Student: 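A single structure is presented below for examination.
The figures here come from the full heavy-atom set of this structure, side chains too, leaving out hydrogens, waters and symmetry mates. Numbers here are sequence positions counted from 1. Treat the numbers as computed from the prediction; the structure is a model and nothing was measured.
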Amino acid sequence: MKKLILIMCSALLSLNVGAKEVAGVKLADTVQLGGSSLVLNGAGVRTKVIFKVYVAGLYVAQRQTTAGAVLADTNPQRVALHMLRELSDEKLLDAFNEAIEENHTPAELSALSASLKQMTDIFQQVKEVQEGDVITLDYVAASGTQISVNGTPRGTIAGEAFHRALLKIWLGNEPVQDDLKKSLLGG
């Protein structure tokens with residue numbers, strides 16, 4: 001009986017120990033943001049042709065299984081991009097902008113133009129990201145989306161619409177990668 005209890009306790013403890021590992025990157029099960037505790041909703045690898053570009057992790061207040069639920073959620077959220085290769089600001093911005101354009105009408109893009117310009121300015125200051133760098137896109141309704149690289153804040157862009165536009169890169173109707181969308185939604 002004692003042996004069975006020990007095995008059950010060990011099994012339960014192992015469920016809470018450690019972080020999720022994707023492509024050699026360990027992602028925390030929870031993070032703190034704006035006074036809120038967020039849980040890892042899902043994580044996956046972004047690939048381009050045959051190259052692994054980054055591991056993306058989506059953190060939310062409560063786990064969600066649909067893109068619509070994540071996009072409608074106004075609680076704090078984080079997208080963490082763990083870089084698996086070096087990228088220039090130009091390549092990163094091109095990828096972001098292309099995915100945003102795929103998921104928005106011309107009128108929506110026009111309404112986002114000032115925010116997209118701010119994002120461009122932020123990443124041009126960063127210049128490039130290296131393998132091992134972590135880009136976080138932290139949304140808190142009161143302040144907007146803070147873009148940080150390796151924990152250093154680079155700028156904040158106000159507005160819920162910009163945050164949703166970023167999320168649609170991975171969770172929109174035309175995501176950058178279908179299996180990554182599924183992974184971020186816990187699939």
Student: Is there a donor-acceptor pair closer than 3.5 Å between any side-chain N or O of Asn103 and the backbone N or O of Glu174?
Tutor: yes

Student: Got a donor-acceptor contact below 3.5 angstrom from the Gln177 side chain to the Lys48 backbone?
Tutor: no

Student: For Asn41 and Gln62, run side-chain contact (heavy atoms from CB on, under 4.5 Å): C-alpha distance rounded to whole Å, both residues' side-chain angles, the deciding distance at 0.1 Å, then the answer.
Tutor: CA-CA 8 Å; Asn41 198 69; Gln62 290 185 296; over 6 Å; no

Student: The criterion is ring pair (Phe, Tyr, Trp, His ring centres under 6.0 Å); which residues satisfy it with Tyr139, sequence neighbours excluded?
Tutor: His163

Student: Please round to the nearest 0.5 Å and tell me the distance separating atom CE of Met119 and atom CD of Gln124.
Tutor: 10.5 Å

Student: Could you check whether Asp121 pairs with Lys117 (Lys NZ or Arg NE/NH1/NH2 to Asp/Glu carboxylate O, under 4.0 Å)?
Tutor: yes

Student: For Pro106, is there any backbone N or O sitting under 3.5 Å from a side-chain donor or acceptor partner on Ser110?
Tutor: no

Student: Does Asp89 come within less than 4.0 Å of Lys127, counting only side-chain N to carboxylate O?
Tutor: no

Student: Quick one: pull up CZ in Arg46 and CG in Leu184 and give me the separation to the nearest 0.5 Å.
Tutor: 11.5 Å

Student: Please check if Tyr54 and Val25 belong to a single hydrophobic cluster, counting links between Ile, Leu, Val, Met, Phe, Trp and Tyr side chain heavy atoms closer than 4.5 Å.
Tutor: no

Student: So do His104 and Leu112 actually touch side chain to side chain, heavy atoms under 4.5 Å?
Tutor: yes

Student: Answer yes or no: is there a donor N or O on one side and an acceptor on the other, between the side chain of Glu108 and the main chain of Thr105, under 3.5 Å?
Tutor: yes

Student: Are Leu27 and Val149 connected in a single hydrophobic cluster, I mean Ile/Leu/Val/Met/Phe/Trp/Tyr linked by side-chain heavy atoms less than 4.5 Å apart?
Tutor: no

Student: Cut-off 3.5 Å, no hydrogens considered: what does the side-chain donor-acceptor table look like for residues 153-162, sequence neighbours left out?
Tutor:
unit_1 : atom_1 : unit_2 : atom_2 : d
Glu160 : OE2    : Arg164 : NH1    : 2.9
Glu160 : OE2    : Arg164 : NH2    : 2.3

Student: Output all residues satisfying side chain to side chain donor-acceptor pair (under 3.5 Å) with Ser88, sequence neighbours left out; order by chain, then residue number.
Tutor: none

Student: Which heavy atom of Lys181 sits nearest to which heavy atom of Gly172, and what is that distance?
Tutor: NZ-O, 3.0 Å

Student: Can you tell me how far the CD1 atom of Ile135 sits from the NE2 atom of His82, to the nearest 0.5 Å?
Tutor: 10.5 Å

Student: Which is it for Leu166 and Phe96 under the side-chain contact (heavy atoms from CB on, under 4.5 Å) test, yes or no, and what are the steps along the way?
Tutor: CA-CA 8 Å; Leu166 283 179; Phe96 276 26; 4.2 Å; yes

Student: Taking C-beta and beyond as the side chain, do Leu81 and Val55 meet within less than 4.5 Å on heavy atoms?
Tutor: no

Student: Check Ala61 against Leu38 and note the closest heavy-atom contact, atom names and distance.
Tutor: N-CD2, 3.7 Å

Student: Would you name the heavy atoms of Ser183 and Gly44 that are closest together and state the gap between them?
Tutor: CB-CA, 3.9 Å

Student: May I have all residue pairs that pass side chain to side chain donor-acceptor pair (under 3.5 Å) and include part of residues 63-74, sequence neighbours excluded?
Tutor: Asp73-Asn75

Student: Among Leu137, Asp138, Leu40, Leu58, which residue meets the side-chain contact (heavy atoms from CB on, under 4.5 Å) test with Arg78?
Tutor: Asp138

Student: Taking the side chain from Tyr59 and the backbone from Ala28, do they hold a donor-acceptor pair closer than 3.5 Å?
Tutor: yes

Student: If you round to the nearest 0.5 Å, how far is CG of Asp94 from OG1 of Thr120?
Tutor: 9.5 Å

Student: With a 4.5 Å heavy-atom cut-off, do Glu86 and Glu128 have their side chains touching?
Tutor: yes

Student: List for me each residue that meets side chain to side chain donor-acceptor pair (under 3.5 Å) alongside Glu131, sequence neighbours excluded, and say none if there are none.
Tutor: none

Student: Can you confirm whether Leu87 sits close enough to Val53 that some side-chain heavy atom of one is under 4.5 Å from a side-chain heavy atom of the other?
Tutor: yes

Student: Can you find a heavy atom in the side chain of Leu109 that is under 4.5 Å from one in the side chain of Ile100?
Tutor: yes

Student: With clusters defined by side-chain heavy atoms of hydrophobic residues (ILVMFWY) lying less than 4.5 Å apart, directly or transitively, does Val134 cluster with Trp170?
Tutor: no

Student: Could you state whether Val31 and Val60 fall into the same hydrophobic cluster, counting links through intermediate Ile, Leu, Val, Met, Phe, Trp or Tyr residues with side-chain heavy atoms under 4.5 angstrom apart?
Tutor: no

Student: Between Lys26 (side chain) and Lys20 (backbone), is there a donor-acceptor pair under 3.5 Å?
Tutor: no

Student: Looking only at non-hydrogen atoms, find the nearest pair between Ala99 and Ile169 and report the distance.
Tutor: CB-CG2, 3.7 Å

Student: Looking at CD of Gln146 and CD1 of Ile122, how far apart are the two atoms once the value is rounded to the nearest 0.5 Å?
Tutor: 9.0 Å

Student: Does Leu180 share a hydrophobic cluster with Val45, counting links as ILVMFWY side-chain heavy atoms below 4.5 Å and allowing steps through other members?
Tutor: no

Student: More than 12 foreign heavy atoms under 6.0 Å from CD of Glu90: is that the case here?
Tutor: no

Student: Sequence neighbours excluded, which residues qualify as side chain to side chain donor-acceptor pair (under 3.5 Å) partners of Asn150?
Tutor: Asp133

Student: Looking at CG of Leu71 and CG of Leu171, how far apart are the two atoms once the value is rounded to the nearest 0.5 Å?
Tutor: 6.0 Å

